[in-house]
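Report on the structure given below.
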Protein chains: 2
Amino acid sequence: MNLKELAHKLGISQTTVSRALNGYPEVSEATRRKVREAAEVHNYRPSLRAKSLATGRSMAIAHVVPVSSKHEMVNPIFADFIAGAGEEYARAGYELLLSVVADSDHDRMYRDLVTRKAVDGLVVQAPTLTDNRIPLLADLGIPFVVHGRSSGVVSAYNWLDVNNRRAFERATGLLLDLGHRRIALLNGLATLDFAHRRSDGYKRALLERSITIDPELIAHDEMTENYGYEVARRMLAQPNPPTAFLVSSIIPAIGVRRAITDAGLEFGREVSIVIHDDDLSYFRNAGDVPLFTAVRSSVREAGQRAAAMLLEIIRRREEGIADEAPMQILMEAELTIGQSTGPRALSRARAQN
Amino acid sequence: MNLKELAHKLGISQTTVSRALNGYPEVSEATRRKVREAAEVHNYRPSLRAKSLATGRSMAIAHVVPVSSKHEMVNPIFADFIAGAGEEYARAGYELLLSVVADSDHDRMYRDLVTRKAVDGLVVQAPTLTDNRIPLLADLGIPFVVHGRSSGVVSAYNWLDVNNRRAFERATGLLLDLGHRRIALLNGLATLDFAHRRSDGYKRALLERSITIDPELIAHDEMTENYGYEVARRMLAQPNPPTAFLVSSIIPAIGVRRAITDAGLEFGREVSIVIHDDDLSYFRNAGDVPLFTAVRSSVREAGQRAAAMLLEIIRRREEGIADEAPMQILMEAELTIGQSTGPRALSRARAQN
DNA sequence: TTGAAAGCGATACCAA
DNA sequence: TTGGTATCGCTTTCAA
């Protein structure tokens, strides 16, 4: 059932039917009701493609998710981020286009999506230190929001980020307060901007207390379980092992925990862990942080807010509102003290000194 | 730059330009080369929406991913499945439309996608025991592939599944061979078809050796880390605790491991774990199964193959090839013996008897 | 308040 | 081998 047929069936013009269904004010209430009922009965839904062609809007947003060229892995935090964003899009009647491509193909992907007019807006995931996708998209003139920031990009752009520097500075400070002096940092890939900010926060906290930074205690890689395991195992075998681990995601933290147990050490007593917890749904616990002390922020909420921001930007552009300052949201992470850094860890750490 | 402009610039008709670019044979090589070059220079890409409207194909596939209404969680295995499928779509020039909706809204979502002509095909994820989406889609007449099966649906349909029954029968058999007699099963949500098949395999193996099935040792729920922890803790506190856990996913298995350690038991010695491992990329290890004995199958490969199947079905329909028998692929899982069920567990289990 | 008709940007049929 | 033109299903301008 298409518009033409529906109009014919009702004995009125396509124009009126279209107007009635799209809520134009000039249609009489009687007509509108008739049209709505008929549309309902015949299960009429306007064809997306015809609609896009006519309006120039495609009512779709693309998320381009990087697959690591190294391990062909997809970071699971994207799942929750996208779920959050998807909710927002659905509410506003937008579709979500997902492209999973290798880092090296991102530029071409973005170019294609824009020139083929496939989407009205884009979300950039996992920005690197100097991410060339940002100037590219600005150049292409399509609305976009970056999840995270890119320190090397000087021009202004729309972003939503967690305050990673502050979060890691506070977490490190907490461990220092507990008496820890050898604190390991298991970070994400060094090319990613968030990893850089986290390192920065960690280092600041140490420097503030005049503690030397030991490069042997800092690791960067893809955040797999096995990465956490291998690195922690190696570090714990050193002559002067760490008494605490600050880990960038819950997944490698699980590997760290495994390494601690394997080394015959008591988790939470002899060695503590603080993680950055993206509050991944399948690891989520009812209101508690059972495993570790956590710097917690919700990726799902981040997804929602990023999507809302993008839709707002698109709306403004359509209504011809002049581009004001770019939209930027900095979310603060929440620091939660869990059992593993509690009194036992504290006393142990004190005993060390 | 659109077709009209490009044609004008070249001084030839839109028809010829279109034909040249789409590889029609009747275009002279000279013309084709000229057109291709001009398209390259002006960075011309046909508008997706215009193309869809004209051809009737939207060159897009939808995956509708359920969010549990209970915990608002998105199963992380979808990430890898979709990554695999996405690769296949990209290769064939298809877009991937992702909808994340509550179970209750699936019907409407599918109806919408079809009647709005948003996609050429669909993938059904996480089928329940009697999944009404299957007859619905068959009725709507759109190509679709089910990832998994639905036991209650009698009509034939296209699916790709892992042989869950066999996998769990073999895994249970392995544990029985090792001397275990109290084997717990931590399964997925009871409404999902795969959970039913896995229970079935588990029960078969027990019955074959005339071992009574203890309902206290069987649990069904969403596969979170915390679910694994809570259930394992409860079971280990029983008077006659299990000596082995058969777990439906690596995520609750991590919780089980935590419960074992917390109970002061030695993992791999006093209690063993066998998991169904979807080979999730972020938990993947270089060729080894370090944590548990595993029944392993790759969701990523499943995604690839399901996508390839769907594209083939679409191709056939377009070429007017009569619908033959539905396409069905049953993947066998691979049983890998890990350290936790090795000699130590075996001797311990023997000592029990 | 309603309708006729001109796009939107491609494809594809029919002639030449 | 090429071109003119109808067509896909909708929105939107202009006229009534």
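Note: hydrogens, waters and symmetry copies are ignored here, and every other heavy atom, side chains too, is used. Order of the sequence lines fixes the chain letters, A, B, ..., with proteins taken first and strands second; residue numbering starts at 1 for each chain.
- Whole-Å rounding puts the B:Lys117 NZ to C:dA10 P distance at 21 Å.
- Side chains of A:Ser18 and A:Thr15: no donor on one and acceptor on the other come within 3.5 Å.
- Atoms CZ (A:Arg57) and C1' (D:dT12) sit 12 Å apart, rounded to a whole Å.
- Looking at which nucleotide of DNA chain D each of B:Leu53 and B:Thr16 is closest to, the 5′-most match is held by B:Thr16.
- One side chain, B:Thr16 or B:Ser13, offers a donor N or O that lies under 3.5 Å from an acceptor on the other.
- As rounded to whole Å, 17 Å separates atom P of D:dT13 from atom CD of A:Gln14.
- Counting to the nearest Å, the P atom of D:dT7 and the NZ atom of B:Lys51 are 22 Å from each other.
- Straight-line distance from the CZ atom of B:Arg49 to the C1' atom of C:dA10: 12 Å, rounded to whole Å.
- Residues satisfying the salt bridge (Lys or Arg N to Asp or Glu O under 4.0 Å) test with B:Asp193, not counting sequence neighbours, are B:Arg197.
- B:Tyr44 places its OH atom 10 Å from the P atom of C:dG9, with the value rounded to the nearest Å.
- A:Thr15 comes within 4.0 angstrom of a nucleotide base, judged by non-hydrogen atoms across all strands.
- Taking 4.0 angstrom as the limit, A:Ser18 places a side-chain polar atom (N or O) nearer than this to OP1 or OP2 of D:dT11.
- Remark: A:Arg19, A:Asn22, A:Tyr24 in residues 19-35 of chain A come within less than 4.0 Å of DNA chain D through at least one heavy atom.
- Taking the side chain to side chain donor-acceptor pair (under 3.5 Å) definition, one finds that A:Ser99 meets it with nothing, sequence neighbours left out.
- The CG atom of B:Leu3 sits 19 Å away from the P atom of D:dT7 (whole-angstrom rounding).
- For B:Ile12, the side-chain atoms get nearest to D:dG3 when compared with the rest of D:dG9, C:dG3, D:dG3.
- Between A:Ser47 and D:dG9 there is no side-chain polar atom (N or O) within less than 4.0 angstrom of OP1 or OP2.
- Under the 4.0 Å criterion applied to side-chain N and carboxylate O atoms, B:Lys34 and B:Glu37 are not assigned as salt-bridge partners.
- We find that NZ of B:Lys4 is positioned 14 Å from P of D:dA6, with the value rounded to whole Å.
- Closest of all the heavy-atom pairs between A:Ser150 and A:Pro127 is CB-CB, 4.4 Å.
- A salt bridge does not link B:Asp107 with B:Arg133: every distance from a Lys NZ or Arg NE/NH1/NH2 to an Asp or Glu carboxylate oxygen is 4.0 Å or more.
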